[in-house]
Structure formats: structure tokens, C-alpha cells
**Student:** 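Below are the C-alpha cells for one structure; questions will follow.
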Amino acid sequence: MIQVFYTLPLLLAIANSVTYASPVELKRRLDNGLGKTPALGWNSWNVGQCSAATATSALAAANSFLTLGLKDLGYTYINIDDCWSLKSRNSSGFIVPDPTKWPNGIKAVADEIHSMGLKFGLYGCSGTQTCAGFPGSLGYEARDAATLAEWGVDYWKYDNCNTPSGNSSGRFMTMRDALEGARRPILYSLCQWGRDSVWTWGKTVGNSWRMSGDIEVKWASVASIASQAADISSLAGPGGFNDLDMMEIGNGGLNPAEERTHFALWCLAKSPIILGTDLTKIPASSLQIIKNKALLSISQDPLGKAATTFIPDSTSPVPVSGKLYPYWTGHLSDGVVVALIAVDSAVNLSVKFADVPGLGGAGSYKWKELVNGTTGYGTSVKASLEAHDIAVFKVMTGENHNG
Ligand code: GLA
């Protein structure tokens with residue numbers, strides 16, 4: 001007969017092995033192969049909140065992606081936000097699409113959207129209820145992930161309302177593991193508003209993470225979110241990006257200069273670009289902004305490095321957290337991007353390439369301004385900007401004629 005004696009050292013060793021389980025878990029990384037560049041798509045929330053969470057509005061957006069040429073530019077995801085289900089799960093514990101909003105169910109719409117060459121996304125929540133009071137996934141993660149896979153969902157935005165107290169990372173990891181278990185590649189978009197320093201662990205859990213509270217249709221909100229993103233730019237990269245929230249372009253409240261800057265900054269910061277307007281009614285000037293191919297190529301640059309602020313010389317002010325800063329730069333796979341922003345009022349701004357980190361000292365370069373398409377060559381760039389407007393220069397580093 002074998003007798004086992006539980007000595008104190010053995011019990012401590014067992015206790016330790018339990019303690020060690022959590023660092024091992026923290027090292028696990030999401031590996032779904034998705035989101036190597038920021039997602040491009042549309043979401044219903046900023047369009048009409050709960051009232052836009054319908055099959056009709058998803059299909060209208062998908063049709064607009066085709067008719068407006070957005071699909072050809074890489075816009076792919078048609079995402080439905082909060083309020084798509086009934087208020088209670090069924091007796092077997094499954095979430096039920098609201099039949100008045102989804103007369104043929106969700107799968108039929110996902111199938112139709114797939115047949116158009118696009119992808120379909122849904123919204124859920126890591127608490128007991130979503131922010132609008134619909135069923136949350138807490139305790140139902142595996143079942144809900146399997147349901148999403150069965151319906152053909154490609155993108156899952158996962159929110160943070162009605163949650164137990166404590167660090168949110170565990171709840172978001174539970175859903176990550178459930179999605180992996182569902183064996184369908186589903187882009188995982190964390191939405192916990194920058195809580196618990198999500199940018200420090202988001203990349204191990206999701207393909208993007210909201211880093212701020214909800215965007216509002218006003219310049220102050222756009223400027224504040226972008227300035228916060230500058231502080232955490234280095235923590236994002238292919239497969240995991242800071243999410244600056246859905247676009248407000250086309251919704252009124254921002255003038256054309258502000259809409260241009262909103263779009264350009266989201267491209268520079270490598271945020272997902274998730275359009276948030278009724279595309280069947282989008283004004284021509286707003287459409288032109290979201291169709292800027294050159295800025296989209298900054299967003300989709302394979303290097304996936306987010307731009308951030310830089311101080312060009314000793315006479316410039318230092319960046320203040322929460323306040324938009326006029327000088328931005330970032331590396332591209334084939335050059336360097338430099339942006340100048342009129343953060344308060346109309347202004348003439350210029351910068352010498354010698355003062356741009358990443359351009360390796362003085363030199364003359366070819367450049368292209370991506371908002372207006374002007375080109376040039378020299379040792380500096382300048383822009384005469386109306387209030388809240390932006391100029392974005394792509395500097396071709398392969399063309400250094402001083403080198
Ligand atoms: C939260 C999110 C928003 C939106 C709403 C829906 O506020 O941050 O983006 O999804 O919930 O209720």
C-alpha cells in the first residue's frame with residue numbers, strides 16, 4: 001500500500017503551482033491571424049443607436065459599401081451594435097435576435113452580406129446586461145461564441161457595462177478563449193473605454209481596444225481622444241490596435257476641416273475606421289473625406305506603427321495630455337508621415353525635415369500632401385491651415401538626394 005504524506009513543503013508547493021497558473025495565463029496571446037491592419041467598416045450605433053440595430057440598416061450599409069465604392073477601398077465590416085436581441089434569453093439560455101428587427105434571423109443577413117464580399121459583426125457585453133439592457137455574456141461566453149460562429153459572425157465588439165467589480169482583463173480573456181474555442185476567425189474588438197490600462201494587455205487579448213470613453217459629435221471630443229492616443233501609440237501594432245472609437249463623419253456637429261482632421265488622425269493613429277453615419281444620406285463632402293485613398297493607405301500600411309506627437313524645436317510648446325498637439329509623425333513601411341494641425345485657430349505651420357525624428361537628420365526629400373494631393377521636394381514642409389484643419393505629408397525616405 002502506498003501512503004501519501006502531505007507535508008507542509010508539499011502543500012506550499014501545491015499552493016505555489018496554483019499561484020503560478022495566473023502568470024502563465026497572462027502570457028497567452030490571442031492568435032487569430034486577424035486585424036494585421038486596422039479594421040475598416042461601419043457600425044450602427046452612431047447612426048441611430050438602438051433603432052439602427054436592424055437587418056434593414058445592416059443591408060442598407062452593405063449596399064452603400066458597394067454603390068459608393070467603399071468596398072473597393074477596403075471597407076469590409078458591417079457591424080450591428082447594441083439592441084439587436086430580445087431582452088431575455090430563451091429557456092435554453094440562448095440569445096434570441098429580435099424578430100421585429102431580424103425577420104429572417106441573423107444568419108440570413110450574415111450570409112447575404114458575405115455574398116456581397118463583405119463581413120458581418122455583432123456587439124455583446126462582458127457583464128450581465130449590455131449597456132442598453134439586453135442580455136450580456138457573463139457566464140454564457142462559450143455558448144454565445146458558438147452561436148456567433150454558427151451565424152457566421154466575423155467581428156465581435158465586446159462591451160463593459162453591468163460588470164462585477166475588479167479588473168476587467170479576466171472577463172475579456174474568458175471571451176477570447178471562448179471565441180478561439182468556437183473555431184471561427186472572429187475579429188475581437190474590446191470595448192472597456194481604456195479602463196485598467198487596457199493598452200498594456202490588450203494585444204494579448206483582442207485585435208483592438210477602445211482607449212477612451214464614447215466619442216461625441218463635437219470637435220472637443222475628437223481632439224481629446226486623439227491626444228490621449230498619442231500617449232499610447234507605441235503599444236499598438238499589427239494584430240492589436242488602439243481603438244479611438246467610431247467615426248462621427250457625416251453626422252453634423254463637425255465642420256469639413258474638423259471632419260478631415262478626425263479622419264486623418266484616426267488613420268495616423270492606426271485606429272479601426274468604423275464609419276458611424278447613415279451612408280444612404282452621407283453628404284458629398286463627408287464621402288470625399290472617407291474615400292481618401294492616400295490617407296487610407298496610411299491607415300493600412302503593413303508596418304502598423306501608430307504616429308505620435310513630436311516637438312520640432314526648443315521654441316515649440318511641449319505636449320499636454322488631453323490637449324491636441326500640432327506636430328505628429330510616424331514611420332511607414334515606405335517613408336515617414338508628418339502631420340501639421342491647426343489645433344485652435346487658423347495658423348501657418350512649418351517644419352524642417354531635420355527636426356523630424358525618424359528622418360535621420362538634414363536632407364532633401366520628395367513629399368506628397370495627402371489631403372489635397374500637392375507634391376514637392378525640399379528640406380521642409382509648410383501649410384496654411386484654417387482652424388482645426390490638418391495637412392498630412394508623406395515623405396519618401398528612399399529619395400534622399402543629400403544622402
Ligand atoms: C457603450 C459603448 C458604445 C456603444 C454603447 C451601446 O457606451 O462604448 O460604443 O456600444 O455602449 O449601448
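Order of appearance sets the numbers: ligands from 1, and atoms from 1 within every ligand. Note: hydrogens, waters and symmetry copies are ignored here, and every other heavy atom, side chains too, is used.
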**Student:** Would Asp245 count as being in polar contact with ligand 1, using the rule that some N or O on each side must be under 3.5 angstrom apart?
**Tutor:**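 Not met; the criterion fails.
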**Student:** Give the numbers and elements of all ligand 1 atoms closer than 4.0 Å to a heavy atom of Tyr123.
**Tutor:**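 Counting from 1, the qualifying ligand atoms are 6 (C), 10 (O), 11 (O), 12 (O).
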**Student:** Using a 4.0 Å cutoff against the non-hydrogen atoms of Trp45, which atoms of ligand 1 qualify?
**Tutor:**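 That gives atoms 4 (C), 5 (C), 6 (C), 12 (O) of ligand 1.
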**Student:** Just jot down the ligand 1 atoms closer than 4.0 angstrom to any heavy atom of Cys131, in number order.
**Tutor:**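 Going through ligand 1 atom by atom, the ones under 4.0 Å from Cys131 are 1 (C), 11 (O), 12 (O).
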**Student:** Give the atoms of ligand 1, by number and element, whose distance to some non-hydrogen atom of Trp193 is under 4.0 Å.
**Tutor:**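 Close to Trp193: 2 (C), 8 (O).
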**Student:** Please walk me through it: do Thr128 and Asn162 pass side-chain hydrogen bond (donor to acceptor under 3.5 Å, both in side chains)?
**Tutor:** CA-CA 6 Å; Thr128 52; Asn162 303 302; 5.2 Å; no
**Student:** Can you see whether Asn160 engages Ser168 through a side-chain donor-acceptor pair at a distance of less than 3.5 angstrom?
**Tutor:**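 No, no side-chain donor-acceptor contact under 3.5 Å.
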**Student:** Just to be sure I read this right, does ligand 1 sit under 4.0 Å from the backbone of Asp159, its side chain, both, or neither, counting only heavy atoms?
**Tutor:**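 It is the side chain that touches ligand 1; the backbone stays farther off.
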**Student:** Evaluate side-chain hydrogen bond (donor to acceptor under 3.5 Å, both in side chains) for Tyr123 paired with Asp159, printing each intermediate quantity in order.
**Tutor:** CA-CA 8 Å; Tyr123 161 100; Asp159 212 337; 2.7 Å; yes
**Student:** Where is the nearest protein heavy atom to atom 12 (O) of ligand 1: which residue, which atom, and how far?
**Tutor:**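 Residue, atom and distance for the closest contact: Asp82 OD2, 2.7 Å.
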**Student:** Does any non-hydrogen side-chain atom of Trp219 lie less than 4.5 Å from one of Leu324?
**Tutor:**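 They are in contact (side-chain heavy atoms under 4.5 Å apart), so the answer is yes.
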**Student:** Is a donor from one side chain sitting under 3.5 angstrom from an acceptor on the other, for Ser333 and Asp301?
**Tutor:**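 Yes - a donor-acceptor pair under 3.5 Å links their side chains.
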**Student:** Please report the interatomic distance CG(Leu34) to OH(Tyr188), rounded to the nearest 0.5 Å.
**Tutor:**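 Reported value, rounded in 0.5 Å steps: 13.5 Å.
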**Student:** It should be assessed whether the SG atoms of Cys125 and Cys161 lie less than 2.5 angstrom apart.
**Tutor:**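 No disulfide here.
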**Student:** Here's one to test your reading of the geometry: is the NZ or CZ of Lys87 within 45 degrees of the ring axis of Phe134 and under 6.0 Å from its centre?
**Tutor:**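 Geometry flag: set, cation within 6.0 Å and 45°.
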**Student:** Show which atoms of ligand 1 fall inside a sub-4.0 Å distance from at least one heavy-atom site of Lys157.
**Tutor:**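 Counting atoms of ligand 1 from 1, those under 4.0 Å from Lys157 are 3 (C), 4 (C), 9 (O), 10 (O).
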**Student:** Provide the number and element of each atom of ligand 1 under 4.0 Å from a heavy atom of Met246.
**Tutor:**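 Going through ligand 1 atom by atom, the ones under 4.0 Å from Met246 are 9 (O).
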**Student:** For ligand 1, which atoms have a heavy atom of Cys191 less than 4.0 angstrom away?
**Tutor:**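 It comes down to these atoms of ligand 1: 2 (C), 8 (O).
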**Student:** Taking 4.0 angstrom as the limit and counting only heavy atoms of Arg210, give me the atoms of ligand 1 inside it, by number and element.
**Tutor:**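 Answer, ordered by atom number: 8 (O), 9 (O).
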**Student:** Is Asp214 in contact with ligand 1, taking contact as a heavy-atom separation below 4.0 Å?
**Tutor:**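 Contact check Asp214 vs ligand 1: positive.
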**Student:** With a 4.5 Å limit on heavy-atom distance, are the side chains of Ser271 and Asp243 in contact?
**Tutor:**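 SC-SC contact between Ser271 and Asp243 confirmed.
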**Student:** Name the closest protein heavy atom to atom 4 (C) of ligand 1, giving the residue it belongs to and the distance to 0.1 Å.
**Tutor:**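 In this structure, atom 4 (C) of ligand 1 has Asp81 OD1, 3.4 Å as its nearest protein heavy atom.
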